[in-house]
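Right, one structure below, let's go through it.
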Amino acid sequence: MVISLNIAVVCSSKNKLTLQLADELARYGKTHVIEINEYDFNQKTDLLILGFSSLPQEKKIIKSFISKLSRDHVSNFALFSTYHMNDQRMQDIISYTIKKDLPLMREQCCCKLPLFSKKLPDDIKQLSRCYIDDMITICEHYY
């Protein structure tokens, strides 16, 4: 029996490669990417995947978004991020999400991208497909 999940892929970044990764996740999850300000906080979402980059100006936007989320409307919450130097932003966001007591899934996706690349590398595309496939499988069979 196949369960139809309401999946939302939300991206806060204007970074071209992060948007490409979000689009890859959304396409494989049979949905589309929405911008952070377009998300409906009253909508029931089975799997919400939030994407961001390590740009410093995004931290406040991401935390503001997360603070508006509720367990009543989000059943499963997953994160993906991109970075060039280090992935400290992911650790900060995970800590903040745990403090807000959101249903954060155990696995997160964090990709180191080439500094001057204009195209998402094929290995990262494959990683994103595996990641969303795993998240969907977990939601369908375990939650």
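If you read the sequence from its start, that first residue is 1, and numbering goes on from there.
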- Residues Cys111 and Leu21: closest non-hydrogen pair is SG-CD2, 4.0 Å
- Message: Rounded at 0.5 Å granularity, tell me how far CG in Asp40 sits from NE2 in His73.
- Response: 8.5 Å
- Test side-chain hydrogen bond (donor to acceptor under 3.5 Å, both in side chains) applied to Lys44 - qualifying residues, sequence neighbours left out: Ser75
- Hits for salt bridge (Lys or Arg N to Asp or Glu O under 4.0 Å) against Lys14, two or more places apart or cross-chain, chain-then-number order -> Glu35
- Within a strict 4.5 Å, meaning less than it, do heavy atoms of the Ile98 and Leu104 side chains meet? yes
- Are Leu102 and Val74 connected in a single hydrophobic cluster, I mean Ile/Leu/Val/Met/Phe/Trp/Tyr linked by side-chain heavy atoms less than 4.5 Å apart? yes
- Message: Within the 4.5 Å heavy-atom criterion, are Arg89 and Pro56 side-chain neighbours or not?
- Response: yes
- Item | Cys139/Asp46 under side-chain contact (heavy atoms from CB on, under 4.5 Å): CA gap, chis, key distance, verdict | CA-CA 8 Å; Cys139 290; Asp46 297 311; 5.8 Å; no
- Do Ser128 and Leu25 have side-chain heavy atoms sitting under 4.5 Å apart? yes
- With sequence neighbours left out, which residue pairs that include part of residues 17-26 fulfil the side chain to side chain donor-acceptor pair (under 3.5 Å) condition? Asn15-Thr18, Thr18-Thr82, Asp23-Arg27, Glu24-Arg27, Glu24-Arg129
- Message: When you compare the side chain of Thr45 with that of Ile7, does any pair of heavy atoms fall below 4.5 Å?
- Response: no
- Query: Out of curiosity, Tyr83 OH to Met90 CE, how far, rounded to the nearest 0.5 Å?
  - Reply: 10.0 Å
- Message: According to salt bridge (charged side-chain N to carboxylate O under 4.0 Å, His left out), does anything in residues 67-83 pair up with another residue at least two apart or in another chain? List the pairs.
- Response: Arg71-Asp101
- Message: Would you compute the distance between atom CD1 of Ile62 and atom OG of Ser12 and round it to the nearest 0.5 angstrom?
- Response: 4.0 Å
- Task: Would you check if the side chain of Thr97 reaches a backbone N or O of Ile93 as a donor-acceptor pair within less than 3.5 Å?
- Result: yes
- Item | Partner set under ring pair (Phe, Tyr, Trp, His ring centres under 6.0 Å) for Phe65, not counting sequence neighbours | Tyr39, Phe41
Would you list the atom pairs, donor with acceptor, under 3.5 Å between side chains in residues 47-55 and any protein atom, with sequence neighbours excluded?
| residue | atom | partner | partner atom | Å |
| --- | --- | --- | --- | --- |
| Ser53 | OG | Ser13 | OG | 3.4 |
| Ser53 | OG | Leu55 | N | 3.4 |
| Ser53 | OG | Glu58 | OE2 | 2.7 |

Tabulate below the donor-acceptor pairs under 3.5 Å that side-chain atoms of residues 130-138 make, not counting sequence neighbours, or state none.
| residue | atom | partner | partner atom | Å |
| --- | --- | --- | --- | --- |
| Tyr131 | OH | Leu79 | O | 3.1 |
| Tyr131 | OH | Glu107 | O | 3.2 |
| Thr137 | OG1 | Asp133 | O | 2.8 |

- Message: Let me confirm one number: the OG-NZ distance from Ser70 to Lys100, rounded to the nearest 0.5 Å.
- Response: 12.0 Å
- Item | Partner residues of His32 under the side-chain contact (heavy atoms from CB on, under 4.5 Å) criterion, sequence neighbours left out | Ile34
- Message: My understanding is that only residues two or more places apart in sequence, or in another chain, count here; which of them pass ring pair (Phe, Tyr, Trp, His ring centres under 6.0 Å) with Tyr96?
- Response: none
- Message: Are the side chains of Asn6 and Gln43 in contact, using a 4.5 Å heavy-atom criterion?
- Response: yes
- Message: Hydrophobic clusters here meaning ILVMFWY residues chained together by side-chain heavy-atom distances under 4.5 Å, can you tell me if Leu120 and Leu127 are in one?
- Response: no
- Message: Holding to salt bridge (Lys or Arg N to Asp or Glu O under 4.0 Å), I want the full list of residues that pass it with Lys59, two or more places apart in sequence or in another chain.
- Response: Asp92
